[in-house]
Every structure is written in structure tokens, then in C-alpha cells.
*Asks:* 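Here it is, the structure in full.
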Amino acid sequence: MKGFLSFVRKEFRHIFRDKRTILIVLVMPVVQIILFGFAISTEVHDARVDIVGNWSDPSVHRIAGRIGQNPYLSVVSVYETVADVPERFRKGQADVAVCFERDFDARLRHEGRAEVRLLSDASDPNTAQMIVNYVNGVLTDAQSDLMLKDRPEPASETSFPYIQYMYNPSVLSAYNFVPGVMGLILMLVCSMMTAISIVREKEYGTMELLLVSPVRPMSVIVSKAVPYLVLSVVNLVTILLLARWVLDVPMRGSLLLLLLVSVLFILASLGLGLLISVIASTQKTALLISGMGLTMPTMIFSGIIFPCESMPVILQYFSDIIPAKWYIIIVKKVMIEGVGWGYIYQEFLVLLAMTVYLLPVSIRLFRNRL
Amino acid sequence: MDKDNKVIVVHELTKKFGNFTAVDHISFEVHHGEIFGFLGANGAGKTTAMKILCGLSLPTSGGGTVNGFDLCREQEKIKRNIGYMSQKFSLYADLKVWENIRLFGGIYGLSSKVIREKTESMLHNLNMTDLRNELVGDLPLGWKQKLAFSIALIHEPGIVFLDEPTGGVDPETRRLFWEMIYETASHGTTIFVTTHYMDEAEYCDRVSIMVDGVIADLDAPAILKERYQAADMDAVFRQLAQKAKRQ
């Protein structure tokens, strides 16, 4: 026991003495959360809208005014010919053009219908989709107002869906990123740092020294893991505090449940870290394997950036073997939707199965290699 | 008396990796307080044999005792009672001098009080009292080596294994290091040392030379030189190592 404590103390010293390690372990999570929360957001602010039509047409005027009032949209230019639109897009002066047909107001009043066309510069499809949705929303509102004015009692067939974003009313991307970053950080700290710290001992030859000492291999592994476990919990708390008080992401579910799941995920990550330390013989290799083999797939396949549902089926299957994916799903459910045990047990079981498989296998491999 | 006098007894020790016999039925004894040189070209099986003696791996057949503990059944006890220092410099460079001492004291289960006393006397003997708060990585190699040797002895083991302890060290530092070895042996600690420097082999009480997994010869350097009619141990070693068939 005394040997074990000396060991844990030594590991903490290694961490706190190396500025780069401490930077990765304690500063990076904060930076990532801030970055993802503020700088990298998928929301669109101030999309530039062109109005193509007759500016003296009262209906056009009214609808353009409504578009201008929308906080996400701003009208940048008004002109009369559709032919000018491509040039505007090419020069990057507008994101979307709303084209009203000739005599818009008159047709609307006499025939009860008039045409509007949306032209979008869809070179960035995600943004284009979002902007079009915003504009569409404004147009739909305007349309329903017109109907109400004409017929005080709206007919059932002309009713429009009223959209409510249940768990994320203002559709903030932080709601998606915070769980994602949590998964990424815990994975990084636990797997990469544990792997590197073990491989470093192999590389420097100090591992030999530990092996001839009476300390059991199991103690070596556990004492390597303990500091990173502690730091991960610190990170977790930091991220949650930042999310709650800086990014306004709610913590709707049980904190205890979230912590439990996080510890499980940390254990799975430690297992992966051990596995890497068995394969790699130098710190560089360990870094490369964890970067390319863990961080990248986690970024791409865990649904942080790209939704898994829109991937080809075979990649969807591949994404299933990434522990972070399941962890992130659970975190979203618990944090954002505030659901309890009953709604997450399936994902929890998957994660548990992974951990129960990874940990003993990697420990056995690790001991065999010694 | 004769039996108590033997710190290492090895009988027909063999280690096979698949079809490859790394160590082939070797038998030898090392006496109390002896400086025993364990020589051999790279790949002759020294490291494998040494690993078994340190309790790191199990022999395929044969056996023996180290400090009276069985090689096959009492590996934990062996580890507790031996010191070890390897060719790769074996302390933590990013820990301070006193932290390294503390760590290994803790690993071998010494109490805090004993560790404190040991630290003081060790730093005093090494003339390193002023350097206690230095990072070990900042020390010159010679100092590191001396410190590593002292730390390998912190739990007062009956025998200490030195695996090419003077690799990459200048001749003067090597000479000082061997003085420490003599000093330690004179207090009754057995020294089991591997080396590639044949002048160091001359300093040993007895030397064994491994070739192709077997012990080609074992005796005092003076007797070996006479037997092979060689001027120095270097010539003895080359005569024996020439017979090696595997590379």
C-alpha cells in the first residue's frame, strides 16, 4: 500500500512538472469549450438577403420589412432583375435572394395567390439549408397573417405547423457541442495521457526498474490511472460549470447519473489507453495512434460534427464501435432532455459491455508484454 | 557454512522461446560478498538469464535460488531482496534527487523515518547534500549513475544486479564507480555485474563467459588468462566468443 501511494504521488509529480502535460490536461478543456461554445457555432447570424422585385409594390415592401426584422437575417440590397443574382453570389455579397414575381401585390389580392422564389448560394449546403429555413419561416408567417386578414376564421387545410424546439428552444449549437467536447476531452485525457505516460517509462527504461521492484504490475497500472481519473473528474466539473454558467446549457437531469456514466466512460478510455501503450513503444507512436486512431474517429463518427444518421450505412455500423458515441448520446439525454435511468439504459449497457471487455483484455495484454 | 555462503545457486537453468533456446542448461554459484562478472556477446543469453535471476521471468526447466528464495516459486520474495540497476540510466529525470530517493524507499516499503535517515546519509556519502532539490535530469551522467547505484541499495539487499552499469561513461567516472562497487562488496553485498568493458572484467572476483546460451567458462580472471594463455581478458573473451555459431 505504501509502495502504491509513493507511486501515485510520483505520477502526480510527473504531470505537474511537465508544462505541456498540464496544458493538455487542464487548460485545453477550457479552451475547447470556449472555442466550441462561441467561435465555432453552426448557427447563422446576419445572413445577407437580397430582395428581387418591385420595391414600390406594397406586399413586397411589407414582406421585406419582416425579413429585415428577423434577428438572423438582414436585407442588404434590393433590385429588379433575377439575372443580377448570380453575380451577387459570385462576389460573395449575398447568401440568399428572395424573388417576387411581377405585380406581386396585385396578383395576391385578385387571385389570392402569388409566387415567390428563393435562390440560395448553396456552396455551403448546411448554412444554405439553415438560411432558407429562416426565410421560409418568415414567408410562412407573412402568408398566414394574410390569410387571417382575409378570412378571420382560418380554414383547416391552410393551417401551418407551429414549430417548437422542445429541449433547445433557441436552437443553440452549444447544446450539441458541450456533450461532444465532454466525450472528446475525457477520451483524450484518459486514453492519450495514460498511454503516453506508460510508454514514456518503457522508452526511458524506467519500466524495467519498476518490474524488478516488488510492486505488482497491477499496482503500476492502477497508479498510472488514478491521477488521470482524478484530473478527468476535475475536467468534467469544469466543463459542466462552464456549460451551465457561461454557455447557458442546462443541466436538466441527475448529476449523479451523469457522473456515474462519466466514470464508466473514463474506465473504457483507460482501457483503450492501456491497449495503445501495449502496441506503441515510443511516445511519438502513442501520440500518433491516439490522435489518428482515437481522436479523429471520435470527432467524425461520434456525431459531434456530422450526424451519424446521414452517414452511409457501413459507416453507421462503424460508428457503433466508438465508445464516445454512446457516451455522448447519454450525456445529451441526461443533460439536455433531463431523462432518467429508464431512457438511457440501452446505451449504458453498450458502454458497460465495451468497458467490461476492454479493461480486462488490455490489462492481460499489458501484463503479457511486461 | 558452505551452503550459507552461496547467494546464487543455479542448476541446469534453461529458457526456450519456441524452438530457440536462449539459455541452455547453465549451472553456477555465486558466493556471498563476491563480485561476479557475467559476460557474453549480445544475444548470448545474458539478459534472459539475468531476467530469470531477478524474478522477471520463469525458467523453462531447471531452477535455483537467489538469496535462498526459489526462482520458480518465490519471485516476489526475490524481488524484495535484490537491488537492480540497468544500463539505461534508471531514475526519473523529471523528479528531484530527494523525490527519487523517496519514491524507491516507498516502493521497497521503508518507513518515512527510515527514508529520511537514508536520504541524509546517502546525500552525505555522495557529496550531494546541496543537490537534493535538483532535477535528476540536470545532473551529469556520472552523478546520476552513482545516485542510481545508491538508490538500488536503499533497502539493503543481499545482492545487487548491475546490467552494464557503466555504459557511456568516461573512464574516470567508471573508475570511481568501480570504487563504489568495491566499497559495497566489502560490506558483504554480493555484486552480479554484466559489462562489455573487458578491463572491468579484470576487476571481478570471478567471471563467467556465456556463448550461445551456455557458460563457456567460469573462473577468476587470472586463472582464465593463464588457461587461454592470453595477456588480458579481452583476448580470453575473443577466443571464447569466436566459437559462437548463432549471430
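Proteins get letters first, then strands, A, B, ... in listed order; numbering begins at 1 in each.
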*Asks:* Measure B:F161 against the heavy atoms of chain A and call it side chain, backbone, both or neither at under 4.5 Å.
*Replies:* neither
*Asks:* Answer yes when A:E203 and A:K284 have at least one side-chain N-carboxylate O distance shorter than 4.0 Å, and no when they do not.
*Replies:*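 No, A:E203 and A:K284 are not salt-bridged.
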*Asks:* For chain A, which candidate among B:K77, B:R102, B:E76 shows the most heavy-atom pairs at distances under 4.5 Å?
*Replies:*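 Max contact count across the listed options: B:R102.
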*Asks:* Is it the backbone or the side chain of B:S111 that comes under 4.5 Å from a heavy atom of chain A, or both, or neither?
*Replies:*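 For B:S111, the contact with chain A is made by the backbone alone.
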*Asks:* If the plane angle is over 60° it's perpendicular, under 30° parallel, otherwise tilted; pick one for A:F301 and A:F318.
*Replies:* perpendicular
*Asks:* Sort out for me which of B:L95, B:I78, B:N81 touches chain A most, counting heavy-atom pairs under 4.5 Å.
*Replies:* B:L95
*Asks:* Tell me, side chain or backbone of B:K96 under 4.5 Å from chain A's heavy atoms, or both, or neither?
*Replies:* both
*Asks:* Would you mind checking if A:E208 and B:K51 are paired as a salt bridge, meaning a charged N to carboxylate O distance below 4.0 Å?
*Replies:* no
*Asks:* Between the side chains of B:T194 and B:E164, does any donor sit under 3.5 Å from an acceptor?
*Replies:* no
*Asks:* Step through it carefully: locate the ring centre of B:Y92, locate the ring centre of A:H14, and say whether they are under 6.0 Å apart.
*Replies:* yes
